[in-house]
Amino acid sequence: MSVPYLDPAVGQYMRAHSSEPDDLLEALAARARETPGIPAGLQISADQGRFLTMITQAARARTAVEVSPLTGYSTLCLARGLSARGRLTCFADSREPATLAQPYWEQAGVAGRIVLRIGPIAERLPDLPFVPAVDVAFVNADAADCDLFYTILLPHLASGGLMLVAGTLRDGRIARPAGRDEATRAMDEFNESVAADDRVGVIMLAVGGGLTMIRKH
Ligand SMILES: C[S@@+](CC[C@H](N)C(=O)[O-])C[C@H]1O[C@@H](n2cnc3c(N)ncnc32)[C@H](O)[C@@H]1O
């Protein structure tokens, strides 16, 4: 478990007392590492993946949305947590997840739950239907895009629905003003605006590079 802003001994302890990713997730992660053009470090961490599966299960989600899949690892974690008749609609700029992850989605028996929408995400996302309402949305995008995707997705969320946004602590840089880059400043603005949004309840979790869980009232 890599939680760079935590004491390494605490991270090690957490890893030792959490479930490990299974062979299929490990195989997909290895395939992503070997694939040219997939930048290292963009895929969600194993602990984030486990959290996505568990929260989707706990929410008994039937309708989920993801922006964006890239390697398809987070997609597999979300799809596994859905009920058998659930649907996960994934917005991606390119076909990468389909070509890379499809065999793993099939092996997991969840390929039939996944619908890919390929094309410029900001243009495609507003086409998402309002019925059925979304139970769980997962946003793992560039910091500069998080506010736009949040703004578009929130009206689609069911009352009591959850939105999870990854990378919100920027691996700890968010709280170290000296080391801030443009993306960290953008994420800070996003975090400020979500915390002040009275339509939702918010908790920031020290999972992976930071994971914000947002519940619509
Ligand atoms: C953080 S990744 C999503 C990772 C995904 N959830 C997973 O588990 O594999 C998505 C972001 O990566 C950015 N990105 C950077 N380089 C990319 C590349 N070569 N292909 C696709 N997305 C890329 C995109 O702009 C997008 O906002």
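We count ligands from 1, going down the list as the structure has it; atoms in each ligand are counted the same way. Atoms considered below: every heavy atom in the structure, side chains included; atoms not considered: hydrogens, waters and symmetry mates.
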* With side-chain contact (heavy atoms from CB on, under 4.5 Å) as the test, would you mind laying out the steps for L52 and S74 before giving the verdict? => CA-CA 8 Å; L52 289 183; S74 48; 4.0 Å; yes
* May I ask you to decide if I118's main-chain N or O and R124's side chain share a donor-acceptor pair within less than 3.5 Å? => yes
* With backbone taken as N, CA, C and O and side chain as the heavy atoms from C-beta onward, which portion of A166 lies under 4.0 Å from ligand 1: side chain, backbone, both, or neither? -> neither
* To do: Please could you name the atoms of ligand 1 that S74 approaches to less than 4.0 Å, counting only its heavy atoms?
  => 5 (C), 6 (N), 7 (C), 8 (O)
* Asked: Mind checking whether N140 has an N or O less than 3.5 Å away from an N or O of ligand 1?
  -> yes
* Structure fact -> A student checking ligand 1 against E96 at a 4.0 Å heavy-atom cut-off should list atoms 20 (N), 21 (C)
* Asked: Would you call R173 and D188 a salt bridge, taking side-chain N to carboxylate O under 4.0 Å as the test?
  -> no
* Per atom 7 (C) of ligand 1, closest listed option by heavy atom (P69, A92, A143) -> P69
* Asked: More than 12 foreign heavy atoms under 6.0 Å from CG of D23: is that the case here?
  -> no
* Structure fact -> Within 4.0 Å of some non-hydrogen atom of A141, the atoms of ligand 1 are 27 (O)
* Who gets closest to atom 25 (O) of ligand 1 by heavy atom: I121, D142, L76? -> D142
* Tell me which protein heavy atom sits closest to atom 10 (C) of ligand 1, plus the residue, atom name and distance to 0.1 Å. => S68 OG, 3.2 Å
* Structure fact -> side chain to side chain contact (heavy atoms under 4.5 Å, CB included) with K216: of L162, D197, L157, L153, only one passes, and it is L157
* To do: Tell me which part of P39 gets within contact of ligand 1: side chain, backbone, both or neither, using heavy atoms under 4.0 Å.
  => side chain
* Identify which of V139, I44, L42 has a heavy atom lying nearest to atom 12 (O) of ligand 1. => L42
* To do: Determine yes or no for a side-chain-to-main-chain donor-acceptor pair under 3.5 angstrom, with D142 supplying the side chain and D145 the backbone.
  => no
* To do: Would you check the N or O atoms of Y73, main chain and side chain alike, for any that come under 3.5 Å of an N or O of ligand 1?
  => no
* Nearest candidate to atom 20 (N) of ligand 1, where distance is taken over non-hydrogen atoms, out of T75, D145, L70, T71 -> L70
* Structure fact -> The single option from T75, D22, T56, T53 that satisfies side chain to side chain donor-acceptor pair (under 3.5 Å) with R80 is D22
* May I ask you to identify the nearest protein heavy atom to atom 19 (N) of ligand 1, giving residue, atom name and distance to one decimal place in Å? => G37 O, 3.1 Å
* Under 6.0 Å from the CZ atom of R117, do we count more than 12 heavy atoms belonging to anything else shown? -> no
* Asked: In terms of the angle between their ring planes, are Y150 and F190 parallel, tilted or perpendicular, with boundaries placed at 30° and 60°?
  -> perpendicular
